[in-house]
Structure formats: C-alpha cells, structure tokens
Amino acid sequence: MSEDLKRTTIAGNLEEQRRIRAEKVTAIRAVGGDPYPDRFVRSATSVELHERFAQLEPGAETAVMVSVAGRVMLRRNMGKLIFLTFQDVTGSLQLFVSQADLGEEAFAAVADIDLGDWVGAQGEVITTRKGELSVKVASLRLLTKALRPLPDKWRGLSDTDTRYRQRYVDLIVNEDARRTFRVRHQAVRSLRHQLDEEGFVEVETPVLQIEAGGAAARPFVTHHQALDQPMYLRIALELHLKRLVVGGIERVYEIGRVFRNEGISTRHNPEFTMVEVYWALANYQDMMALTERMICRAAQDAIGTYAVAHPDRPDVSIDLTPDWPRRKITELIAEHTGETVSVHDEVPRLRAVCDRLEISYEDWWGAGKLVYAIFDKKVEELLGHERPIFAYEYPAEVSPLAKPTPGDQENTDRFELFIGGKEIANGYSELNDPVRQREMFEMEVAAAGHGDVEATRTVDEDYLRALEFGLPPTGGLGVGIDRVAMLLSGQPSIREVILFPTLRPESVENTRRLATGYPDGDDADDQGPV
RNA sequence: GCGCCUCUAGCUCAAUGGCAGAGCAACGGACUCUUAAUCCGCAGGUUCUGGGUUCGAAUCCCAGGGGGCGCACCA
C-alpha cells in the first residue's frame, strides 16, 4: 500500500484535500514565492466600496484603483475569466479576473487559489454587464494559504458541537454567528458608554480570592504554589467593589468574568460575564431606573429598536419601551398563585402553602426562604413576557448583603428584573450596617453547616472592617451580560453568545486528527488501526 | 445526576433488516460576464466505539463516548 493511498484510506477525503493544498504551498516555495507573506496595504473595505459605488450602471468603469483583501468564499471559473467572491470583516465583494488583463502566468496562479485562501487584490472598480460591483484585478497576491477546506458553501456549518469547538469556522461561514457577536459587542460598549457618561469609574478587582463571596454559588477551587494556599475563582464582583465605595470611589463598576461551579444549561455557562455597579448616595429605586436606562440604551445601540424577540416564543416580541412596572414579590405571588403570603407569616402556615403548591423545602428554612421558594418556583417564569418587570422587596433571609426595608427587618430593599421569564438583573440598597452584616454572615455560615454547599463558609472579616470605616448609603446592581446579549440577539442558548462555551474535552483521537500537522508522514501511521 | 433525542464522506443530508447514496467541496476536462455559474468525467466511507441478535446490521438489543433538549441544580 502506498503512503498516499494508506493516508487516504485512514483519514478519508479530508486528507486528500489537505495534501493537495499543502503541495501548492510547496510548489509556491519552489519558485521563490511565499504562501504566508507579510503585510498588505488595503485602501478600501468591501462595504465602503458598496456604499460609495451603489449607484453605478451595469458595465460601468470608474478609473478608480483600489486595494482590497479578504478570504475567498466563492469561485466561478469561466475558462479565461474567473470570478472570486471574497469576504472581509465588513462584507463581501466580487473580483473580476481576466486572463487578458493578467497574462497567462499570473492567471494560472489565480486558478490555483482555493476557497478559504486569503488574497489581496489591486485593480479598478467596475460593474459587470449584469451590474455586479467588482474589482477588475490588475494584480492579485495570495496572502495566506488555507490548508483545510471550508464547509459547504451554501449550507454552511450547522453541527452545534463543531460550531462551538471550531468557532473560527462558524464565524467564517455563518453570518448569524457574526451578527450575534456584533450585537453583543455593541451592547457591552453601550453599557460602558452609559455608565461612563453618568460618571462611573471602571475598575478591575481580583479574580483569584482567598474566599469567594458576594453570591450563593459553589466556587471553583485552585491552588497557589508559592503561597501554598487554596484559592477560589470569584463568584461575584460585589464585595471588592463596595470596598472601593468605602475608599471614596462613589460611582464604580466592573465588567468581568465570574465563575460558578454548577450545572450547564441553555442559560448557564460555568464562566460568564457580569457588570456590577455601585452608586453612593443612591438606593434601589435609583438602581432600577439606572438598569432601565442601561438596557434600553443597549437595545437602541445594538439593534435599534425596543422590540426584541421572545427567547422561547418565536412569534412573540417583548416591548422594552420605558417605564417598566415595579411590583412587590408578595403581590406577584398573590396574583399568580392566589396565595396571600408574607415573610411575617408563621413557618407552619408557609409550609402548608408550599405543600399545596408542591414545592419542596428543607426543615431548617425560615419564612424568608419559604416565601422566596414560592416566588422562585411558581412566579418568576411567568414574568416579563410582554414587557420587562421589576420585582422588589425580597426576604432578608435570602438577601444577606441587602439593606432592610425601613420599618421591616425581615424584608430588604432588593429587586430583580425579569424579561421573558428570566432573571436579567439583581440589585439593592446595600447593607452598610457592619453589625447587622456580621449577623447575616454568621447566618450564612450556619446555613453552610446545614449542608447548603452554596452558602458562604466564613465571615469576611476584612469586608466587615471596611464597613466599619463607613460605607455611605449605596445602591448596587448586577446585570448578566450574557443574558442581555441573548435577549438582544434573539439567541435561545447562552452558548450562542459566548465565543468559546465550556464543553467536554474532545476525544483524544479527534483532537489528534485535528491537531496533526501536515505534511508529516508519521502522523498517518500513528492514527490508524494499521 | 436523571429522562428523551441524536451521531453516516471535509460540509449538509438520504438509505428502517437485503449491493452505503446524493448535493456542495476535491480531482481531470470544456467555457471571457458569472451570481450557490453551468456541463462532462472521476474519486472519496472505522455508518462514534465495543459487544450481541441475525443467513445478513448504518438500521434491532446491551454497554460506553460526544452533542442537543428537558428536569434537577442555579440569591
């Protein structure tokens, strides 16, 4: 069996296509060419030319010379005339390549260009007889040889696993993927602009922490060698940002990655991006208004409308137009379950309500956790399907960092924003009484003792020390950036708005196949069951 | 973690117990105005892996792996 035949037998047609492209690389080098040259000076992008020459008649010549560059996506070979359609970051454009213009030798080189190659071309802007805007190529350079073939030019790449693992291919061939990440970028930029304009200072705080606090979630654990010290990846931004408010940064925010060692779903990725905002002298009402300003502006900047597609119902859209309703969670519970409950009710009565609604609970839960469970299990998913809604006045028992509602120690001035049945944002008037904060921490430690793996296990003494220096009245807010991106891009899965979502590792054999260099005769020998 | 669905050529998909196929991509050829170019020809397979049932398995069964969806989990 010859080497080539064996290779083909083992790895199939992919190896044949890669071999042929690799041989072109060799051939280019053999005549002193460079298949991976240095820079190319581009004078115009495809979209700039489409905009500037939108009105040309068919068959027009402009005498305007341009340099363009991009990846070859389509090729139509007519013999002595070749049409190439390339794609750059702005869009795509046709190259008109005539043997009469280039001469036989240069034309033959263009005929060797494969789909997926990067090329740079220089020539006159024209339209064809059919009116297609084109660059009539006077010279064309290979800028990068692609060794692997692109997916089907018409159907693209649809296998979700491959799309996520090989996002580079997804982005090359799927316009919807490019659009999604453009929307995400514009939304993030918009949030940042809004906060900057309102005088907020952007900061960065530690990702590696001695104790992960600020939320109820199981953290990722790692280890610092030099300190010989276990460390945690942060699960929230909150406690460090409030230390900065103590330090006098009265308006502060961070856009950053947080990590939660929990289940993966269409709405949860182990690492995700939050923006948290803290505003001295403000309260939770101010933060609701700020949330609304931020998301409304993001919608306008990213998609130019207040009408967003419903994540689960293709035929429905959600209207983001201000002002969004604000309702107490107990009112929403009554409205959607018919049960009148209060955090001041006796525990047995609340347990009876949970039993009626078929909600399970732990025997150590107080009234706050029970009321919250009712809201969480029976009401949340029903909220925000026509327009966003703020729910507020959450039990203190489930809000250990929030300030009590004036005159009601069992409730807090906390809110959550729901859009399309999903939680998008969470905020409150910050608890700034260090004595009460210590009590709340100790309650959490007790919950951890009950087996609550998400409860904070230690009292954050440094945070309490900071509070003792005086945290002014402060409003705080956390927004899940990924969920905003899902909302605005109309994507039903968080994996669609994260460039490289968390996946199981690829199989060894598959990784091997994908990572194998070429040409290299040894690889093929190692792979197969020869 | 549990349940359901799914895995066939580089890509997108057929073949439902009886010869593994098509389109695109590739390769050879024709073609100076195409638009997913067209036309002729040719090649490409560990049907995810391992067992089993059967005269015969891509197809049925069991186990494992990847993925999707749902549930559980998720202040």
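Residue numbers start from 1 in every chain, and the chains themselves are labelled A, B, ... in the order their sequence lines are given, proteins ahead of strands. In this text, all values refer to a predicted model and were calculated from it rather than measured experimentally.
When each of B:rC24, B:rA75, B:rG68 is scored by its nearest atom to the side-chain atoms of A:Asp152, the top-ranked nucleotide is B:rC24. Minimum atom distance to the side chain of A:Leu115 is reached by B:rA25, of the listed B:rA25, B:rU35, B:rG66.
Residues satisfying the side-chain contact (heavy atoms from CB on, under 4.5 Å) test with A:Ala138, not counting sequence neighbours, are A:Gln122. With sequence neighbours excluded, no residue satisfies ring pair (Phe, Tyr, Trp, His ring centres under 6.0 Å) with A:His240. Applying the ring pair (Phe, Tyr, Trp, His ring centres under 6.0 Å) test to A:Phe96 and every residue at least two apart in sequence or in another chain returns A:Phe83. Under the side-chain contact (heavy atoms from CB on, under 4.5 Å) criterion, A:Pro388 pairs with A:Ile318, A:Leu320, A:Trp324, A:Leu417, A:Ile419, sequence neighbours left out. By the ring pair (Phe, Tyr, Trp, His ring centres under 6.0 Å) test, A:Tyr463 is found to be paired with no residue, residues two or more places apart in sequence or in another chain being considered. Remark: A:Tyr253 pairs with no residue by the ring pair (Phe, Tyr, Trp, His ring centres under 6.0 Å) rule, at least two apart or across chains.
OP1 or OP2 of B:rG10 has not a single side-chain nitrogen or oxygen of A:Arg19 nearer than 4.0 Å. The shortest distance between the side-chain N/O atoms of A:Ser158 and the OP1/OP2 oxygens of B:rU12 is below 4.0 Å.
Helical stems of RNA chain B (runs of at least 3 Watson-Crick or G-U pairs, donor-acceptor distances under 3.5 Å) are listed by first residue: B:1-7 with B:65-71, B:10-13 with B:21-24, B:27-30 with B:38-41, B:48-52 with B:60-64.
Sorted by residue number, the members of residues 96-106 of chain A with any non-hydrogen atom under 4.0 Å from RNA chain B read A:Phe96, A:Ser98, A:Ala100.
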Show the atom names and distances, to 0.1 Å, of all donor-acceptor pairs under 3.5 Å that link a side chain in residues 397-405 of chain A to residues at least two apart or in another chain.
unit_1: A:Glu397; atom_1: OE1; unit_2: A:Gly368; atom_2: N; d: 2.9
unit_1: A:Glu397; atom_1: OE1; unit_2: A:Lys369; atom_2: N; d: 3.0
unit_1: A:Glu397; atom_1: OE2; unit_2: A:Gly366; atom_2: N; d: 3.0
unit_1: A:Ser399; atom_1: OG; unit_2: A:Pro395; atom_2: O; d: 2.9
unit_1: A:Ser399; atom_1: OG; unit_2: A:Arg414; atom_2: NH1; d: 2.8
unit_1: A:Lys403; atom_1: NZ; unit_2: A:Asn432; atom_2: OD1; d: 3.2
unit_1: A:Thr405; atom_1: OG1; unit_2: A:Thr412; atom_2: N; d: 3.4
unit_1: A:Thr405; atom_1: OG1; unit_2: A:Thr412; atom_2: O; d: 3.3
unit_1: A:Thr405; atom_1: OG1; unit_2: A:Asp413; atom_2: OD1; d: 3.2

Atom pairs and distances, donor-acceptor, side-chain atoms in residues 492-499 of chain A, under 3.5 Å, two or more places apart:
unit_1: A:Ser493; atom_1: OG; unit_2: A:Arg495; atom_2: N; d: 3.1
unit_1: A:Glu496; atom_1: OE1; unit_2: A:Arg163; atom_2: NH2; d: 2.7
unit_1: A:Glu496; atom_1: OE2; unit_2: A:Arg163; atom_2: NH1; d: 3.1
unit_1: A:Glu496; atom_1: OE2; unit_2: A:Tyr164; atom_2: OH; d: 2.9

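Within the structure, salt bridge (charged side-chain N to carboxylate O under 4.0 Å, His left out) contacts touching residues 97-106 of chain A (residues at least two apart or in different chains) are A:Asp101-A:Lys136.
Panel note: side chain A:Asn283, backbone A:Gln285; a donor-acceptor pair is recorded below 3.5 Å.
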Nucleotides 37-39 of chain B: which of its N/O atoms have a protein N/O under 3.5 Å away?
unit_1: B:rA37; atom_1: OP1; unit_2: A:Lys153; atom_2: NZ; d: 2.6
unit_1: B:rA37; atom_1: OP2; unit_2: A:Arg76; atom_2: NH1; d: 2.6
unit_1: B:rA37; atom_1: N6; unit_2: A:Asn77; atom_2: O; d: 2.9

